[in-house]
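Reviewing the structure listed below.
Each chain gets a letter, A, B and so on, in the order the sequences are listed, and its residues count up from 1. Quantities reported herein were computed from a predicted structural model and do not represent experimental measurements.
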Amino acid sequence: METMNSFLGPLAFGSTGWGDDLLRGAWITITLALWSMTLGLVMGLGLAALKLSRFVLLRWLAESYTLFIRGMPEFLILLIVFFGSDQLINASLSAFGSEARVEVPKFVATVAGLSAIFAAYACEIFRGAYLAVPAGQIEAAQAVGLSAGKVFRRVRFPQMWRYAIPGLGNLWMVVLKDTSLAAVIALDELLRISKLGGETEGRQLTFFAAAGALYLMMTLLSDLGRAWAEQRSRRGISGT
Amino acid sequence: MKKTLMGASLAVLAMATTSQAQDVLRIATEGAYPPFNNVTADGELVGFDVDIAKALCAAMERECEIVAQDWDGIIPGLVNNKYDAIVASMSITQERLEAINFTAPYYSNYLSVLGKEGSDLTLEGLGDVAIGAQRSTVGSQWAEDEYGSRADVRLYDTNPAAVSDLEAGRIEAIVMDFLPAAEVLNTTSGLGYIEAKIDINDQIGIGIRKGDDELTDAFNAALETIRADGTYEAISVAYFGTDIY
Amino acid sequence: MYQDLKFAASDGVCAGLSPVSGALFKKFCPRFIDGFAVTIELLVLSSILGFLLAVSLVLGRMSGRAVLSWPANVLVYCFRGTPLLVQLWIVYFGIGSFGADGLGALWVFFKNPWAVGLLVLVLNTSAYVSEILRGGLVNLDKGQMEAAQSVGMSWLTAMRRIMLPQAIRIAWPAYGNELVLLMKGSALISTITVLDLMGQTRTVFARNFDLNTYLYAAVFYLILAGIITVFVSVVQRNFSKSRLS
């Protein structure tokens with residue numbers, strides 16, 4: 001450990017070095033990405049349902065949401081959510097006559113922003129996957145008397161994932177990298193810690209390169225995970 | 001300092017809570033502006049601003065909680081009731097007065113312009129070169145007002161980033177507050193003053209939410225108390241060797 | 001000179017817009033338009049240079065020669081596997097911290113935040129575009145390459161005349177998406193002191209704390225996204241037309 005620490009220099013572990021702080025930052029990065037993806041998946045499914053709805057107004061709402069989110073820089077969205085969320089929530093609380101005041105922590109604001117972005121892309125993937133399930137199967141399920149809800153739960157939904165997983169894997173990579181934007185609003189994720197460390201130690205290149213290496217490791221592992229998930233989702237399907 | 005930053009952020013993660021501003025008075029400071037406010041290795045907020053805030057709370061006989069808040073979000077946070085006052089060496093400016101109120105000033109600030117040691121730049125020449133300042137500070141606004149909004153004024157998110165660009169030679173000068181500027185010169189070699197002290201009639205006050213006049217009055221009264229009984233002077237001398245009021 | 005021309009143009013635009021703009025926008029209009037111009041400038045340059053570099057990268061990757069394919073693969077992998085913000089900060093703050101002494105003649109380039117921003121955007125987008133082009137190429141019938149080579153075309157000529165034009169057509173919609181992503185990513189260069197649309201917006205917000213500032217910026221970005229989308233679909237339509245003939 002001693003020799004390793006002297007090799008690592010300012011990136012060493014323990015109280016003198018930044019190694020452990022960087023890893024903790026990386027952990028916050030992963031937590032941010034996981035939360036954003038989870039919420040983004042739920043919101044994305046909801047948006048996909050709106051887009052497939054029979055009602056023009058709902059479709060139109062979902063379409064404009066994705067159009068706006070996908071046309072704006074992620075950085076701008078994050079800043080709007082960060083500075084705007086308190087104002088919006090407190091204004092609505094006052095409107096309902098409540099005296100309570102809510103503060104939105106940076107972590108929550110970041111997750112809110114990133115999952116809103118995730119959802120705007122995920123809903124397209126879900127819609128595509130929904131429509132990709134062969135119509136013949138749906139008809140067959142209806143023919144044997146399954147209710148509409150059951151057709152969805154038993155036939156369509158389980159198969160949607162097979163079509164959705166490659167796209168969602170890409171989105172995971174995007175959200176993982178987008179968490180770095182939180183450094184600008186001073187949330188102590190990986191990049192922000194590297195910036196602090198680099199400035200304190202006067203070794204900016206070392207620290208940013210270390211951050212880059214950690215991000216590369218995370219994306220490499222994600223790539224492996226994605227390959228595994230894609231393979232698994234194809235189990236039992238012939239011709240692929 | 002770094003350890004505490006981690007600790008502080010984890011604490012923030014844990015408390016996504018509502019806050020009511022009744023008994024405990026909540027005061028925000030930046031925590032990144034030594035010697036006025038910064039965080040120690042034990043995670044404690046210290047500095048001139050922090051000691052003044054504590055003295056004021058004692059004079060008002062109120063329990064206070066001091067929280068750290070980043071500079072960019074410090075006014076929006078006050079407006080949104082995250083806390084009740086800002087004691088963070090904040091200059092009283094016309095633009096800020098449109099968003100919040102201020103107490104009477106508790107000290108006067110001046111600006112310094114730093115450059116490379118031996119630089120022959122003068123204030124008149126700054127309009128033609130690249131100069132740096134921290135975004136949303138009086139220094140950056142002074143530079144814009146003095147040299148025009150289209151002068152080459154580079155805005156940084158933090159002061160250390162500006163200082164390292166000055167050292168590298170990307171910019172020729174930095175405009176910053178005069179006491180922290182002295183601190184920079186103490187800790188960094190190869191830099192010097194282009195102008196040591198510019199009086200921009202900059203008064204530092206305590207930021208209070210609009211409409212909270214009762215609190216403004218309470219702070220003003222407390223300020224008079226600690227001026228009169230010598231508490232203020234003792235704190236100031238401890239930090240700067242002189243009374244900066 | 002060029003700079004003055006741009007400023008004059010944006011003043012003209014603002015004078016034209018003034019009858020229809022609100023108070024906030026009127027006050028800061030030249031800043032928004034100046035920033036918008038910088039964003040467009042960077043977008044046009046980085047997309048053209050990035051496309052050229054992407055073609056070279058994909059040729060290197062498909063060449064079958066390890067000397068060429070390895071460096072190209074590593075570059076693409078690193079730029080696709082890390083956040084753009086990290087890349088920007090590595091080059092601007094990291095490499096830049098060596099200053100004139102460490103970088104010698106290269107300093108002229110690294111000194112300039114605009115140039116650093118352009119470089120990183122070009123490298124970043126070229127990595128993604130080369131991946132898109134590669135996707136188009138591997139889907140082409142390999143027999144075409146063999147046929148071209150059997151009639152005496154060199155590998156490079158066959159790539160240039162036969163394979164790449166088809167790959168670009170196939171990949172065009174994906175390339176259009178990448179253009180929008182590039183535009184959105186360009187907002188990050190505001191963190192290295194470039195006053196693009198985002199940089200100007202953040203500066204304005206730092207002075208007025210008015211959330212509408214960000215909404216104005218959103219409108220500008222949406223307009224730009226619209227322009228890109230229209231451009232991409234017009235080109236797409238030309239592709240399909242020429243295929244019919």
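Using a 4.5 Å cut-off between heavy atoms, B:V153 touches chain C through its backbone atoms (N, CA, C, O) alone. For C:F7, the parts lying near chain B are the backbone and the side chain together; criterion is any non-hydrogen pair under 4.5 Å. Only the side chain of C:R31 comes within contact range of chain B, judged by heavy atoms closer than 4.5 Å. Residue contact with chain C, scored on non-hydrogen atoms closer than 4.5 Å, involves the backbone and the side chain of B:L155 alike. C:D101 does not touch chain B: none of its heavy atoms, backbone or side chain, sits under 4.5 Å away. C:I192 does not touch chain B: none of its heavy atoms, backbone or side chain, sits under 4.5 Å away.
Among B:E98, B:R96, B:E167, B:E144, the residue making the largest number of heavy-atom pairs under 4.5 Å with chain C is B:E144.
Remark: the C:S10 side chain and the B:R150 side chain contain an N/O donor-acceptor pair separated by less than 3.5 Å.
Distance CG/B:D165 to OG1/C:T193: 7.0 Å, rounded to 0.5 Å.
No cation-pi contact links B:R135 to C:F205, judged by a cut-off of 6.0 Å to the six-membered ring centre and 45° from its axis.
Heavy-atom neighbours of chain B within the stretch residues 102-117 of chain C, taken at a separation under 4.5 angstrom, comprise C:W107, C:F110, C:K111, C:P113.
More than 12 non-hydrogen atoms from other residues, nucleotides or ligands lie less than 6.0 angstrom from CG of C:D4.
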